[in-house]
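For the numbers below, each heavy atom of this structure counts, side chains included, while hydrogens, waters and symmetry mates do not.
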Amino acid sequence: MELTGLPGWTVRGCTLRDVAAILSVTRASDVAALGEPDWTEDEVVATLTAPNQVPAVDSWLASGPGGEPLAWAYVDNPERGARDNVEVYAVPGRGAAAYGPLLDLALERVAARAREAGHAEVTLRAGAVASESAYIDALTSRGFGFRKRHARMTRPLTPGDRPPHLLAAGDRLLVRVVRAGDEAEMRRFHGVLQAAFADTPDFQPVPYEAWRESLAALPSISWDEWLVAEVSGRVVGVLQSADQGVERGEGWVKNLAVLREHRKEGIGGALLRSAFSIYAAKGRATAGLGVDLTNPTGAHRLYAGLGMTVAFAADMFERTVTAPR
């Protein structure tokens, strides 16, 4: 169908056959904003097959008058919670005109998704690098306001990250690989994630069943990269890895959580160092993670102390979307 407001442009929902076209858009956008490609084929596939994602209606590929794909957008809310996310990518210069029309499609779809999930309203978030002025203009003109700054941090891995004993142990502290087949352990893992993030401003509780459903939909999980930290036999910290960086030789820390009463005891550092060791032993070149720079736990200081540096920062914008009655 025609993309509203752009004569000659077309837009349609996506399928897995569009992965190459989507990559051409995201990589052009990444090079302009970050200086290098960031998206991988695996990540595009994972996005289109994520929980609560129907790409035919939740993802849009826009083509210019000549038929060339120039912009891509999708909404993302795997747990069907009260916060949805939208991402829009465009080929620099030629695709920027599609930012606004694609955001309009996303706003309409997010409202419908909110109603389907039983929410009267949801918060919709979008991230933008500061240099993406055309995208930021499209966001602010549609009621999005600045919320916070988020950073991607990275660290090179070296042979020194592979000690003889991969995991940390001490008189009271033990860091080990999660027992993924143990239902009780998985419930403890989830419980630490929920409890540790409960004191952060953006916390949204996720029931165990919804969390497990979102994991089951992932294309792959390297359980040997998921870690738990025990103090005197009690699980007090966890590290959840994701396979999203494998294609580019990166170990990716999706979540790091330590219970409040055990913070500042070196547990987070022990979990991270253990993860770095595992990634390095698999031949990964780097380790990466995302961090909220306003996190009250000061997590970014921990990461910096372990040699991680900011690769780039993105500003997060948000607005409320009301479900139709």
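Of the inter-residue distances, the one linking Leu61 atom CG with Cys14 atom SG reads 5.0 Å to the nearest 0.5 angstrom. To the nearest 0.5 angstrom, Met316 atom CE is 6.0 Å from Arg125 atom CZ. A distance of 6.5 Å separates CE in Met153 from OG1 in Thr309, rounded to the nearest 0.5 Å. Between the OG atom of Ser241 and the CG atom of Leu227 there is a distance of 6.5 Å, given to the nearest 0.5 Å. In this structure, His262 NE2 and Leu173 CG are separated by 10.5 Å, a value rounded to the nearest 0.5 Å. How far CG of Leu157 is from CD1 of Ile278: 11.5 Å, rounded to the nearest 0.5 Å.
No donor-acceptor distance shorter than 3.5 angstrom exists from the side chain of Ser29 to the backbone of Val25, with no hydrogens or angles considered. Checked by atom type and distance alone, the side chain of His119 pairs as donor or acceptor with a backbone atom of Arg80 at under 3.5 Å. Using modelled atom types, one side-chain atom of Asn52 and one backbone atom of Asn77 make a donor-acceptor pair closer than 3.5 Å.
Listed here is the closest heavy atom pair of Arg27 and Glu41: NH2-N, 4.3 Å. For the pair Leu48 and Ser59, the tightest heavy-atom approach, listed with the atom from each and the gap, is CD2-OG, 3.7 Å. The minimum heavy-atom distance linking Ala71 with Leu102 is given by the pair CB-CD1, 3.6 Å. Contact record, Met186 with Val178: SD-CG2, 4.0 Å, taken as the closest heavy-atom pair. Annotation for Pro69 and Ala21: closest pair CG-CB, 3.9 Å, computed over non-hydrogen atoms. Between Ala196 and Ala257, the closest heavy-atom pair is CB-CB, 3.5 Å.
Listed by chain and number, the hydrophobic cluster partners of Val57 are Val54, where partners are ILVMFWY side chains within reach of under 4.5 Å, directly or through others.
You'll find the side chain of Val238 stays beyond 4.5 Å of the side chain of Asn255, heavy atoms only. A heavy-atom distance below 4.5 Å is not found between the side chains of Val45 and Pro219. Residues Thr200 and Asp292 form no side-chain contact, since every pair of their non-hydrogen atoms from C-beta on lies 4.5 Å or further apart. By the 4.5 Å heavy-atom criterion applied to side chains, Arg142 and Asp104 are counted as neighbours. A heavy-atom distance below 4.5 Å is not found between the side chains of Val253 and Leu271. Within the 4.5 Å cutoff, the side chain of Asp42 has no heavy atoms near those of the Gln244 side chain. Contact of the Phe197 side chain with the Gln204 side chain is not registered, since no non-hydrogen atoms from C-beta on lie closer than 4.5 Å. Looking at heavy atoms from C-beta onward, Glu79 lies out of side-chain contact with Pro51 at the 4.5 angstrom threshold.
Listed by first and then second residue, the side chain to side chain donor-acceptor pair (under 3.5 Å) pairs that reach into residues 11-24 are Arg12-Asp18, sequence neighbours excluded. Applying the ring pair (Phe, Tyr, Trp, His ring centres under 6.0 Å) definition to pairs two or more places apart or across chains, those involving residues 220-247 are Phe189-Trp226, Trp223-Trp226. Evaluation of the ring pair (Phe, Tyr, Trp, His ring centres under 6.0 Å) test over residues 6-40, restricted to residues two or more places apart or in two chains, returns Trp39-Trp72, Trp39-Tyr89. Each salt bridge (charged side-chain N to carboxylate O under 4.0 Å, His left out) pair with one or both residues in residues 62-78, not counting sequence neighbours, appears once here: Glu68-Arg94.
No more than 12 heavy-atom neighbours from other residues, nucleotides or ligands sit within 6.0 angstrom of CD on Glu108. Other residues, nucleotides and ligands contribute at most 12 non-hydrogen atoms within 6.0 Å of the CZ atom of Arg260.
Under 4.0 Å is where a charged nitrogen must lie from a carboxylate oxygen, and between Arg109 and Glu116 at least one such pair does. Glu209 and Arg187 are joined by a salt bridge, as a carboxylate oxygen and a charged side-chain nitrogen come within less than 4.0 angstrom of each other. Taking 4.0 Å as the cut-off between side-chain N and carboxylate O, Glu185 and Arg188 count as a salt-bridged pair.
Applying the side-chain hydrogen bond (donor to acceptor under 3.5 Å, both in side chains) criterion to Asp182, with sequence neighbours excluded, gives no partner residue. Legend: residues meeting ring-ring contact (aromatic ring centres under 6.0 Å, His included) with His190, ordered by chain and number and at least two apart, are Tyr208, Trp211. Partners of Thr286 according to the side-chain hydrogen bond (donor to acceptor under 3.5 Å, both in side chains) rule, which considers only residues two or more places apart in sequence or in another chain, do not exist here. Residues passing the salt bridge (charged side-chain N to carboxylate O under 4.0 Å, His left out) test with Glu121: none are found, sequence neighbours excluded. The salt bridge (charged side-chain N to carboxylate O under 4.0 Å, His left out) test applied to Glu36 returns no partner, not counting sequence neighbours. With sequence neighbours excluded, the residues forming a salt bridge (charged side-chain N to carboxylate O under 4.0 Å, His left out) with Glu250 are Arg152, Arg248, listed by chain and number.
Under a hydrophobic-cluster definition in which Ile, Leu, Val, Met, Phe, Trp and Tyr are linked whenever side-chain heavy atoms come within less than 4.5 Å, directly or via other members, Val175 and Val258 are assigned to the same cluster. No single ILVMFWY cluster, assembled from side-chain heavy atoms under 4.5 Å apart, contains both Leu239 and Val246. Clustering ILVMFWY residues whenever any of their side-chain heavy atoms sit less than 4.5 angstrom apart, transitively, puts Val177 in the very cluster that holds Val235. Under the 4.5 Å side-chain heavy-atom criterion for ILVMFWY residues, no single connected hydrophobic cluster contains both Phe312 and Leu139. Residues Val228 and Leu215 fall within the same hydrophobic cluster, defined by Ile, Leu, Val, Met, Phe, Trp and Tyr side chains chained together at heavy-atom separations under 4.5 Å.
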**Asked** Which is it for Val206 and Leu193 under the side-chain contact (heavy atoms from CB on, under 4.5 Å) test, yes or no, and what are the steps along the way?
**Response** CA-CA 10 Å; Val206 177; Leu193 281 177; over 6 Å; no

**Message:** Would Leu256 and Leu272 count as a side-chain contact (heavy atoms from CB on, under 4.5 Å) here? Give the steps.
**Reply:** CA-CA 8 Å; Leu256 175 68; Leu272 280 169; 3.8 Å; yes

**Prompt:** Do Arg234 and Leu259 pass the side-chain contact (heavy atoms from CB on, under 4.5 Å) test, and can you show the C-alpha distance, the side-chain angles, and the key distance before you say yes or no?
**Reply:** CA-CA 11 Å; Arg234 179 191 177 209; Leu259 295 178; 3.4 Å; yes

**Request:** Evaluate the criterion side-chain contact (heavy atoms from CB on, under 4.5 Å) for residue pair Leu107 and Arg319; output intermediate values, then yes/no.
**Result:** CA-CA 10 Å; Leu107 286 165; Arg319 60 159 285 178; 3.8 Å; yes

Would you give me the side-chain donor-acceptor pairs under 3.5 Å for residues 128-136, sequence neighbours excluded?
residue, atom, partner, partner atom, Å
Glu132, OE1, Val129, N, 2.9

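When each of Lys254, Arg284, Gln240 is paired with Glu225, the side-chain hydrogen bond (donor to acceptor under 3.5 Å, both in side chains) condition holds for Arg284 and for no other.
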